[in-house]
Asks: 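Mind looking over this structure? Questions follow.
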Amino acid sequence: MLNIVLFGPPGAGKGTQSERLIDHYGLVHLSTGDVFRANIKGETELGKLAKQYMDQGKLVPDEVTINMLRAEVLKHESPKGFIFDGFPRTSAQAEALDHFLNELNTGIQIMVSLEVEEDELRERLKKRAEVSGRVDDADPEVIQKRIDVYHAETAPVKTFYQNQQKFVAINGVGTIDEITHRIYTAVDSRN
Ligand code: ADP
C-alpha cells in the first residue's frame with residue numbers, strides 16, 4: 001500500500017492537491033474535515049458534536065476523531081492506499097494512526113507538508129469563504145483561532161514524522177500544476 005499524510009495549515013491546498021493525487025496513484029482520499037462536514041449535513045450525533053468545535057475553530061477531541069478515522073479506513077476493502085488529509089492533527093492522533101496501520105500490516109510512506117506563509121493563507125481563506133459556504137471560513141476570528149491551533153497542536157506532528165525520516169517539505173506557493181509535480185517527485189522518490 002501507498003499511504004500518504006498530506007499536511008499543512010488551513011488553506012495550504014490539501015484538498016486541491018488530494019484530488020490530483022488520488023487520480024494519479026489510485027488512492028482513497030480520507031479528509032477528516034469532509035467526513036465531519038458530511039455528518040453535520042446529515043445531522044448525525046457525531047455531526048452535532050463536531051460542529052460545536054469546528055464552528056469555533058477548535059479541534060474535535062482526539063478520541064472521537066481517531067475512532068471516526070478508524071471506521072472510515074475499515075470501510076474500504078483491499079485499497080491501494082490512502083491519502084490522509086487533515087489527519088493526524090495532534091501527536092496523539094499520529095501515534096494512534098501508526099498503531100492502527102501497524103495492525104493492518106502497513107504504514108505511512110511519506111508525510112508531504114505544504115508550506116505556505118501566513119499572510120497568503122489568510123488571503124486564500126478569505127477568498128474560499130466567498131465560495132465554500134463554510135462557517136469556519138467566514139469569520140476572521142475563527143480563521144485566526146485555526147491558525148493558532150495549528151501552531152500549538154498540529155505543527156508538532158511534523159517532528160513526529162521527521163523523527164521517522166518521513167517528512168518532506170513542499171513549497172505550497174505556485175500554480176496548482178507546479179505544486180502537484182513537486183509532490184509527485186517527492187512521492188515517487190519514496191515509493
Ligand atoms: P482546514 O484544514 O482548512 O482548516 P479541514 O476541513 O481540514 O479544514 O478541517 C475543518 C475543521 O474540522 C477543523 O478546524 C477541526 O475543527 C475539524 N477537524 C478536521 N480534522 C480534524 C482532526 N484530525 N482532529 C480534530 N479536528 C479536526
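First listed ligand is number 1; within each ligand, the first listed atom is number 1. As the structure is a computational prediction, the values presented were derived from the model and not from experiment.
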Asks: For residues 98-108, which side-chain N or O atoms pair as donor and acceptor with protein atoms under 3.5 Å away, sequence neighbours left out?
Replies:
residue, atom, partner, partner atom, Å
Asp98, OD2, Gln164, NE2, 2.8
His99, ND1, Glu95, O, 3.4
Thr106, OG1, Asn3, ND2, 3.0

Asks: Quick one: side chain to side chain contact (heavy atoms under 4.5 Å, CB included) partners of Pro156, sequence neighbours excluded?
Replies: Ser91

Asks: Sequence neighbours excluded, which residues qualify as side chain to side chain contact (heavy atoms under 4.5 Å, CB included) partners of Val28?
Replies: His76, Pro79, Phe82

Asks: How would you list, by chain and number, the residues with a heavy atom under 4.0 angstrom from ligand 1?
Replies: Pro10, Gly11, Lys14, Thr32, Gly33, Phe36, Arg37, Met54, Lys58, Leu59, Val60, Thr65, Gly86, Phe87, Arg89, Gln93, Arg128, Arg134, Asp136, Arg146

Asks: Below 4.0 angstrom, N of the basic side chain to O of the carboxylate: do Lys58 and Glu153 qualify?
Replies: no

Asks: So, are Glu141 and Lys145 salt-bridged, with charged N and O less than 4.0 Å apart?
Replies: no

Asks: Looking at Arg124 and Asp137, does any basic side-chain N land under 4.0 Å from a carboxylate oxygen?
Replies: no

